[in-house]
Amino acid sequence: NEYITEDRKLIEEHLVAVQGIYVENPVERVLKMLKDNKKTELIPVLDVQNRPVGVIKESQIKDYLLSPYGRDILRRKSIKDIIEKVFINDVNISVDKLIELFSFEENLDEIILTEFGQYRGVLNKSAIIKIISEKRIVEARNQNPLTKLAGNIMISDYIQTTLESIDESYAYVYFDFNNFKSFNDKYGFKKGDEAILMFSEILKENRIKSSDFIGHIGGDDFFLGIRYLRNDDFEFIYKRMLKIANDFKEAAKSYYSEEDL
């Protein structure tokens, strides 16, 4: 079965399969589609292979219809003449990428999504806002309650998404404390929680790139995902791991009695 990420599920819920029109069709067909469906605000324009090439907006057509001789001018045009550019992305786009697009593009009113290059549907501005809001709720629900780091669902999503990446390499690191059960038995779970929190802070302090992904599997098990480009040195990543382990080893000494040290 295809693994469906939490982001994909969210996007699918808000994706609207607005009826498209082929670029070779006459403009008269656009007018008929708008007349037949009063709620249509835009029409995706597709090529013969069902790939989106742009959109026609109802507001743009209205401008023609409201101007003198506008309807005659419009009839002499082809769909290619009135097509507008639009953001086109794959349906597996991450919500983080949506947030990035939404933040940097002031005039972003909609995004057309494709699957295997073919038209799937439209996300309008209000749908994008809802998706971003729901993502925040999902993140809060899937965080580890103690450290507030990403929990297992988000870790699984991260691994699945990054495994499919063609252009970049990723290192996955699994952390597990030595002798943690013995520590909890001697010093109690409250001290154990303090050690877990301290390690989560060490991971955050050692974050180098914003793309570093920190997850808390549960208990004393942690996950770190690191994106590195082809020319990055894996030795550098390995040294980072040793530094994290050593920082924790030194900091953890403060939790032991002198006798146990």
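- Remark: side-chain polar atoms of Asn184 are not paired, donor with acceptor, to backbone N or O of Lys181 under 3.5 angstrom.
- Val55 has its side chain out of reach of Val45: every pair of non-hydrogen atoms, C-beta onward, lies at least 4.5 Å apart.
- Side-chain contact, Ser126 with Asn124: a donor N or O sits under 3.5 Å from an acceptor N or O.
- Between Lys239 and Phe236 the shortest side-chain heavy-atom distance does not fall below 4.5 Å.
- Under the 30°/60° scheme for interplanar angles, the aromatic rings of Phe234 and Tyr228 are found to be tilted.
- Note on Glu134 versus Lys9: no salt bridge recorded, every NZ/NE/NH1/NH2 to OD/OE distance being 4.0 Å or above.
- Residues Tyr170 and Thr161 form no side-chain contact, since every pair of their non-hydrogen atoms from C-beta on lies 4.5 Å or further apart.
- Judged purely by atom type and a 3.5 angstrom limit, Gln49 has no side-chain atom pairing as donor or acceptor with the backbone of Gln118.
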Does the salt bridge (charged side-chain N to carboxylate O under 4.0 Å, His left out) test come out yes or no for Asp7 and Lys97, once each step is laid out?
-> CA-CA 10 Å; Asp7 281 9; Lys97 188 73 183 168; over 6 Å; no

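- Nearest heavy atoms, Leu149 versus Ser200: CD1-CB, 3.8 Å.
- A continuous path of Ile, Leu, Val, Met, Phe, Trp and Tyr side chains, each step under 4.5 Å between heavy atoms, connects Ile56 with Val23, placing both in one hydrophobic cluster.
- Checked by atom type and distance alone, the side chain of Asn206 pairs as donor or acceptor with a backbone atom of Ile202 at under 3.5 Å.
- Each of Phe222, Phe180, Phe199 was compared with Phe175 under the ring pair (Phe, Tyr, Trp, His ring centres under 6.0 Å) criterion, and only Phe199 meets it.
- The main-chain N or O of Tyr22 is found under 3.5 Å from a side-chain atom of Asn25 such that the two form a donor-acceptor pair.
- Ion pair Glu28/Lys35 not flagged as a salt bridge, since none of the NZ, NE, NH1 or NH2 atoms sits closer than 4.0 Å to an Asp/Glu carboxylate oxygen.
- Within a 6.0 Å sphere centred on NZ of Lys130, heavy atoms belonging to other residues, nucleotides or ligands number 12 at most.
- The shortest heavy-atom contact between Pro44 and Ile112 is CB-CD1, 3.9 Å.
- The environment of Lys80 atom NZ is sparse: at most 12 non-hydrogen atoms of other residues, nucleotides or ligands sit within 6.0 angstrom.
- Listed for the Asn142 side chain is no donor-acceptor partner under 3.5 Å among the backbone atoms of Ile153.
- Shown here for Ile73 and Pro68, the closest heavy-atom pair between the two residues is CD1-O, 4.5 Å.
- Side chain of Ser67 to main chain of Tyr64: a donor-acceptor pair is present (N/O by atom type, distance under 3.5 Å, no hydrogens or angles).
- Ile43 is listed as a side-chain neighbour of Leu34, based on a closest heavy-atom distance under 4.5 Å.
- Counting all heavy atoms, side chain and backbone alike, Asp260 lies closest to Lys186 at OD2-NZ, 2.7 Å.
- Sparse packing is recorded around NZ of Lys85, with 12 or fewer heavy atoms of other residues, nucleotides or ligands lying under 6.0 Å away.
- Across all their heavy atoms, Arg207 and Arg240 have their closest contact at CA-NH2, 4.0 Å.
- Between the side chain of Tyr256 and the backbone N or O of Phe183 there is no donor-acceptor pair closer than 3.5 Å.
- Counting only distance, with no hydrogens or angles, the side chain of Glu110 and the backbone of Val86 share no donor-acceptor pair below 3.5 Å.
- Two residues are said to be in side-chain contact when any heavy atoms from C-beta on lie closer than 4.5 Å; Leu74 and Ile82 meet this criterion.
- A 4.5 Å side-chain heavy-atom check between Thr162 and Phe213 finds every atom pair outside the cut-off.
- More than 12 heavy atoms of other shown residues, nucleotides or ligands fall within 6.0 angstrom of atom CD in Glu250.
- Between the side chain of Asn144 and the backbone N or O of Thr147, at least one donor-acceptor pair lies under 3.5 Å.
- Listed for the Ser156 side chain is a donor-acceptor partner under 3.5 Å among the backbone atoms of Asn152.
- By the 4.5 Å heavy-atom criterion applied to side chains, Arg76 and Asp81 are not counted as neighbours.
- For OH of Tyr69, the number of neighbouring non-hydrogen atoms (other residues, nucleotides, ligands) closer than 6.0 Å is 12 at most.
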